[in-house]
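We number each residue from 1, following the sequence as shown.
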Amino acid sequence: MLHCAVKFCGGCNPMYDRGSAYRNIAETLAGVADFSLPRDGEPYDVLLILRGCTGCPYLYEDISATHRIVCASQSEADHAAERIAALCTH
């Protein structure tokens with residue numbers, strides 16, 4: 001099972017429902033990936049970054065993660081579960 005963290009941007013200009021997108025991703029990956037908010041000093045297999053728009057530049061490099069999946073639109077969020085699931089086969 002993948003150990004994943006989710007990080008939401010500040011939400012100053014959200015163009016899609018990031019909470020709903022996260023719930024869909026987590027439900028789709030139940031049994032494949034375990035999600036939590038990031039904890040200081042804990043390494044993760046995946047950091048899922050849900051930005052509200054394309055203007056947010058943060059990659060949250062202070063969070064240790066082997067892979068970063070960045071979503072800045074509903075379309076990108078729709079494919080995030082597939083991208084994370086593909087990491088299980090490598």
Side-chain angles (χ1 to χ4, degrees):
M1 178 158 324
L2 291 171
H3 184 52
C4 306
V6 62
K7 184 72 177 166
F8 294 85
C9 71
C12 64
N13 188 28
M15 300 175 76
Y16 67 105
D17 185 341
R18 295 169 300 143
S20 177
Y22 167 67
R23 286 187 295 278
N24 289 337
I25 293 166
E27 288 173 11
T28 299
L29 294 172
V32 174
D34 176 39
F35 287 91
S36 68
L37 294 174
R39 292 183 281 277
D40 287 342
E42 189 165 335
Y44 296 92
D45 297 313
V46 177
L47 173 60
L48 174 62
I49 302 170
L50 293 171
R51 296 178 176 170
C53 66
T54 58
C56 178
Y58 302 112
L59 290 176
Y60 303 100
E61 284 131 348
D62 58 318
I63 301 169
S64 176
T66 304
H67 303 279
R68 282 175 162 63
I69 305 290
V70 179
C71 301
S73 68
Q74 184 63 55
S75 175
E76 290 175 354
D78 289 342
H79 297 287
E82 296 168 12
R83 293 177 61 198
I84 294 169
L87 297 173
C88 289
T89 61
H90 292 109

Student check: side-chain heavy atoms of Pro38 and Tyr60 closer than 4.5 Å | no
For Tyr58, does the OH atom sit with more than 12 other heavy atoms under 6.0 Å from it, leaving out its own atoms?
-> no
Can you check whether His3 reaches Glu42 side chain to side chain, under 4.5 Å on heavy atoms?
-> yes
So, the side chain of Arg18 versus the backbone of Phe8: is there a donor-acceptor pair under 3.5 Å, distance only?
-> no
Looking at side-chain heavy atoms only, is the closest gap between Ile69 and Leu47 below 4.5 Å?
-> no
Quick one: pull up CD in Glu76 and CG in Leu50 and give me the separation to the nearest 0.5 Å.
-> 10.5 Å
Minimum heavy-atom distance Met15-Cys53, with the two atoms named = SD-CB, 3.8 Å
Got Asp45 and Leu87 here, is their nearest side-chain heavy-atom distance under 4.5 Å?
-> no
Taking the side chain as every heavy atom from C-beta outward, state whether Cys71 and Leu48 have any pair of such atoms under 4.5 Å apart.
-> yes
Under 4.5 Å between any side-chain heavy atoms of Ser73 and Thr54, yes or no?
-> no
What's the verdict on side-chain contact (heavy atoms from CB on, under 4.5 Å) for Val46 and Thr66, showing C-alpha distance, side-chain angles and the deciding distance?
-> CA-CA 6 Å; Val46 177; Thr66 304; over 6 Å; no
Closest non-hydrogen contact found for His79 with Ser75 is CD2-O, 3.0 Å
Taking C-beta and beyond as the side chain, do Arg68 and Tyr44 meet within less than 4.5 Å on heavy atoms?
-> no
Treating Ile, Leu, Val, Met, Phe, Trp and Tyr as nodes and any side-chain heavy-atom pair under 4.5 angstrom as an edge, say whether Val70 and Leu37 lie in one connected cluster.
-> no
Indicate, with yes or no, if Tyr16 and Val6 share a hydrophobic cluster defined by side-chain heavy-atom contacts under 4.5 Å among Ile, Leu, Val, Met, Phe, Trp and Tyr.
-> yes
Point-to-point distance, once rounded to the nearest 0.5 Å, from CZ of Arg83 to CD1 of Ile25 | 10.0 Å
Classify the angle between the aromatic ring planes of Phe35 and Tyr22 as parallel (below 30°), tilted (30 to 60°) or perpendicular (above 60°).
-> perpendicular
